[in-house]
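In this text the structure is predicted, and so the values were computed from the model without any measurement. Here is how names work: the chains are called A, B, and so on, in the same order as the sequence lines, proteins then strands, and each is numbered from 1.
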Protein chains: 2
Amino acid sequence: MKNKNIRKNSPVPLKECGVFSAADLVGDKWTLLILREAFYGIVRFDDIRVDLNIPRSVLTNRLKKLVANNIMYREPYREDNSRTRYLYMLTPQGASLAPVIIALMQWGDHYIKKGNSPLTLLHKESGEQLKVAIVRENAEDVSLTDISININE
Amino acid sequence: MKNKNIRKNSPVPLKECGVFSAADLVGDKWTLLILREAFYGIVRFDDIRVDLNIPRSVLTNRLKKLVANNIMYREPYREDNSRTRYLYMLTPQGASLAPVIIALMQWGDHYIKKGNSPLTLLHKESGEQLKVAIVRENAEDVSLTDISININE
DNA sequence: CAACCTAAGTATCAATTTAGAACCTAGGTA
DNA sequence: TACCTAGGTTCTAAATTGATACTTAGGTTG
């Protein structure tokens, strides 16, 4: 794929390209960070807002778009002795973005943070460290439910 | 990692998070698409501009930022009987974003294009199909130079 | 039951960013 | 010498953002 060959145009028309569709839905700084929050389990409007320091109106719009596109869903819930609140959770389609978010994290930790990764993803059963990578189709993936987060130091 | 546990805040402060750093540099629709072009080998200003239909001023700014952050580099070159031109190519750091772009492509093709992937990535030697996935640390990655693109249909 | 509290929004507006178009320019070709 | 063209810059209107203030609907408390 890495290419000394210079092309004038894409082998795939832009509108048919998955990168284009995906970038249109989640290719935006705040949206990517909101997805990060969702993977961490930070799923209430105000918790996300405070944790990311994102303007309310921007958060509202991003969540609306994510819900409208079946990447997240809004669910009422209540803790004991507390009023009803809403959770913004990942749908299966949203959860499938995990490789994107983890690949970004891996790249950011390695190249920008110079290898000082603040957390490591581990395989729950074996404790082995995990990564996102380009692999053969038949390689065994680790499912999201089998991942545990380890905070370094 | 998928989490019924609700947290109020991130286990990792935002500024130390690789997703944050990465999203700051490449978390933007046009930037992601420019990287797509680079992986395809579309690396001249005007070719990128026409292929993406991106405004000149936006393309200029995005390329400046990518070059300033060592994700792409600008290289003069000339074909025979033609004047000097410039190529915007991926640095090793930029090429390391391949899993991000391919993961987006995979997700977009599967969920938005409903499985009609216009192209498939193949392992050059074995012809096996490739994917981006969360795998064990010791799983064997396929390097960018070993990938060939197959256009479906 | 009235007053109040709080999560989850709307509303408003200045400041920034974008899209689109016109213009510029340097090196090479005719 | 005149012109062509890739690779920009400049300009402006329109859209988006960030910051702050305001609203609302349920639940709890006096």
Roughly how many Å is it from [atom1] in [X] to [atom2] in [N], rounded to a whole number?
X      : N       : atom1 : atom2 : value
L33(A) : dG18(D) : CG    : P     : 11 Å
L52(B) : dT18(C) : CG    : P     : 15 Å
L59(A) : dA19(D) : CG    : P     : 14 Å
N53(A) : dA19(D) : CG    : P     : 7 Å

> In B/S/- notation, 5' to 3', how is nucleotides 4-17 of chain D contacted by protein heavy atoms closer than 4.0 Å?
Replying inline: -BBBBBB------S
>> Using every non-hydrogen atom in the two residues, find where D141(B) and K131(A) come nearest and quote the distance to one decimal.
In response: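 Smallest interatomic distance, heavy atoms only, reads OD1-NZ, 2.6 Å.
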> Do you know which two heavy atoms are closest between V26(B) and T31(B), and how far apart they sit?
Replying inline: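 Looking at all heavy atoms of both residues, the shortest contact is CA-CG2, 3.7 Å.
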> With no hydrogens and no angle check, do the side chains of T120(B) and N152(B) hold a donor and an acceptor under 3.5 Å apart?
Replying inline: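 Yes - a donor-acceptor pair under 3.5 Å links their side chains.
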>> dG9(C), OP1 or OP2 - any side-chain N/O from R49(A) closer than 4.0 Å?
In response: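 Checking R49(A) against dG9(C): no side-chain N or O falls below 4.0 Å of OP1 or OP2.
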> Distance-only, no hydrogens or angles: does the W107(A) side chain make a donor-acceptor pair with backbone N or O of Q93(B) under 3.5 Å?
Replying inline: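 Checked: pair present.
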>> Donor-acceptor check, side chain of D51(A) to backbone of S10(B), threshold 3.5 angstrom: yes or no?
In response: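 Confirmed, D51(A) side chain pairs with S10(B) backbone.
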> Hey, quick one: are L119(B) and V135(A) part of the same hydrophobic cluster, counting side-chain heavy atoms closer than 4.5 Å, chains of contacts allowed?
Replying inline: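 Looking at the clustering, V135(A) is in a separate group from L119(B).
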